[in-house]
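Structure first, then comments.
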Amino acid sequence: MTHARDRAIGAACGMTAYLAWGFVALYFGIITDRGVRPLELLAHRVVWSVAFCLLIVVILRRYRDLWQVMRHRRRLAALTLSSVLVAINWLAFIYAVDTRQLTEASLGYFILPLVSIVLGLAFLHERLDRLQWLCVMLAGVGVCMIVYANGHVPWIAIAVSLSFGFYGLVRKLTPVGPIVGLAVETAVLSPIALIYLLLHSSEHALIPGTYLLLILAGAITAVLLMLYARAAQTLKLSTLGFMQYIAPTCQLLVAIYVRPEAVSGYALIGFVPIWLALAIFSVHAAFVSRRESRSAMMLRLGADSSMVRARDS
């Protein structure tokens, strides 16, 4: 009963995080519509994120973990690299919201799982089976269709997917928890962010209502990361894999119906092979995960029966 309750809480946390990430464009849109520039919004997000992350570290009494990371040169260097990658990702997304190119940002997050597959192949020596190769090729076809329909390379989608794909790769190779990791990453970026705000802070950001929204942007970043971490602890990766398509789907709906953009119908057709690739990839991943779970269970049952026979003899 407790395990089922944990999974239910994890599922609620995951759904909340992905839905919020899907509609956070509306929040950033309100801020940029008030005259706050993308770089300025990014700087505020960094500064207030580190403030809230450090507050959470204090509340959870994770000082020792934070100090150990700061003293470990390799981990600190890795988190410095990941901080640059996440800053690129955040800036690309904020720029997409400000310039009403959220469709391209959603495209980037749709192809992100397939980018992660290629990165795993290139850097982690993982192998792809035929269906996974088919997914990668279908996604490539979809991107080519969108490029042809729009007449330009979707740089925002490329920046979003590659920056977060490499970010995930670096964090996978760096054994640091999400809250401590984000605290270090934002702390590394905060001096640059503070200098930028001192030199280029606009009068629009100093309006009390807007300033409060900027402060809450940091809180939202930290809280959503905590919700995601809670979900990742209790849910299967295959379940999280299905959930991660919620965010770009919501972003695409926002781009079409809430903050209307000039989206070509032919460009939207290019999403079809990408969605097909994601559907095949998700079903295949769920099947492989279930098969591996059954194999592990059979091995455990075999080992238990062998121990019983050995004990009886």
Side-chain angles (χ1 to χ4, degrees), residues 14-15 17-29 88-121 128 130-168 237-287:
M15 288 289 290
Y18 280 117
L19 281 171
W21 278 327
F23 290 106
V24 78
L26 293 175
Y27 188 85
F28 291 154
I88 294 171
N89 181 267
W90 288 356
L91 180 60
F93 184 77
I94 294 170
Y95 176 78
V97 173
D98 184 46
T99 57
R100 293 186 180 270
Q101 299 183 73
L102 191 57
T103 306
E104 277 201 25
S106 70
L107 170 63
Y109 286 113
F110 271 123
I111 65 177
L112 176 59
L114 304 176
V115 170
S116 298
I117 290 177
V118 176
L119 292 178
L121 177 69
L128 302 185
R130 292 179 179 178
L131 275 178
Q132 289 173 325
W133 276 116
L134 175 62
C135 292
V136 173
M137 288 187 289
L138 281 173
V141 170
V143 172
C144 289
M145 290 173 65
I146 293 171
V147 170
Y148 179 78
N150 290 337
H152 67 274
V153 177
W155 293 112
I156 293 176
I158 293 173
V160 164
S161 58
L162 288 183
S163 61
F164 206 76
F166 276 103
Y167 173 79
L237 286 177
S238 56
T239 304
L240 279 176
F242 279 110
M243 281 188 175
Q244 71 180 346
Y245 304 129
I246 295 173
T249 300
C250 293
Q251 291 166 7
L252 186 60
L253 292 175
V254 169
I256 295 174
Y257 297 108
V258 184
R259 289 174 61 87
E261 301 177 3
V263 182
S264 167
Y266 292 106
L268 291 177
I269 293 175
F271 278 86
V272 174
I274 295 173
W275 287 330
L276 178 60
L278 293 176
I280 295 172
F281 171 72
S282 299
V283 173
H284 178 62
F287 176 77

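Residue numbers run from 1 in the order of the sequence given.
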(request) Tell me whether the centres of the aromatic rings in Y18 and W21 are closer together than 6.0 Å. (result) yes
(request) Find the distance between CD1 (I256) and CG (L268) and round it off to the nearest 0.5 Å. (result) 5.0 Å
(request) Write down the atom of E104, the atom of W155, and the distance for their closest heavy-atom approach. (result) OE1-N, 3.6 Å
Can you list, pair by pair, the side-chain donor-acceptor contacts under 3.5 Å of residues 157-166, counting residues two or more places apart and other chains?
unit_1	atom_1	unit_2	atom_2	d
S161	OG	A157	O	2.8
S161	OG	I158	O	3.3
S163	OG	N89	ND2	3.3
S163	OG	A159	O	2.5
S163	OG	V160	O	3.2

(request) List in chain and number order the residues that pass side-chain contact (heavy atoms from CB on, under 4.5 Å) with V258, two or more places apart in sequence or in another chain; answer none if no residue qualifies. (result) L26, V254
(request) Can you establish whether the number of heavy atoms outside Y148 located under 6.0 Å from its atom OH is more than 12? (result) no
(request) Report, as yes or no, whether the 6.0 Å neighbourhood of atom OH on Y167 holds more than 12 heavy atoms from other residues, nucleotides or ligands. (result) yes
(message) So, using ring pair (Phe, Tyr, Trp, His ring centres under 6.0 Å) as the criterion, who are the partners of W133 when residues are at least two apart?
(response) none
(message) If I take atom CZ from residue F28 and atom CG from residue D98, how far apart are they, to the nearest 0.5 angstrom?
(response) 12.0 Å
(message) Do F271 and I146 have side chains that approach each other closer than 4.5 Å (heavy atoms only, starting at C-beta)?
(response) yes
(request) State the CE-CD1 distance between M145 and I269, to the nearest 0.5 angstrom. (result) 6.0 Å
(request) Kindly indicate whether the side chain of L121, heavy atoms from C-beta on, has any atom under 4.5 Å from the side chain of V136. (result) no
(request) State, with a plain yes or no, whether a side-chain heavy atom of T249 is found less than 4.5 Å away from one of L252. (result) no
(request) Please round to the nearest 0.5 Å and tell me the distance separating atom CG of L112 and atom CG of L119. (result) 9.0 Å
(request) Calculate, to the nearest 0.5 Å, the distance between atoms OH and CH2 belonging to Y245 and W275 respectively. (result) 13.5 Å
(message) To check you understand the geometry: which heavy-atom pair defines the closest contact between C250 and G22, and what is its length?
(response) CB-CA, 3.7 Å
(request) Could you list the residues that satisfy side-chain contact (heavy atoms from CB on, under 4.5 Å) with V147, not counting sequence neighbours? (result) V143, P154
(message) As an exercise, state the distance from CD1 of I274 to CG of L107, rounded to the nearest 0.5 Å.
(response) 4.5 Å
(message) For A105 versus A96, what's the shortest heavy-atom pair and its separation?
(response) CB-CB, 3.9 Å
(request) Mind checking salt bridge (charged side-chain N to carboxylate O under 4.0 Å, His left out) for R259 and listing every partner two or more places apart, or none if nothing turns up? (result) D33
(request) Could you pull out all residues at least two apart from A255 that satisfy side-chain contact (heavy atoms from CB on, under 4.5 Å)? (result) L102, T103, E261
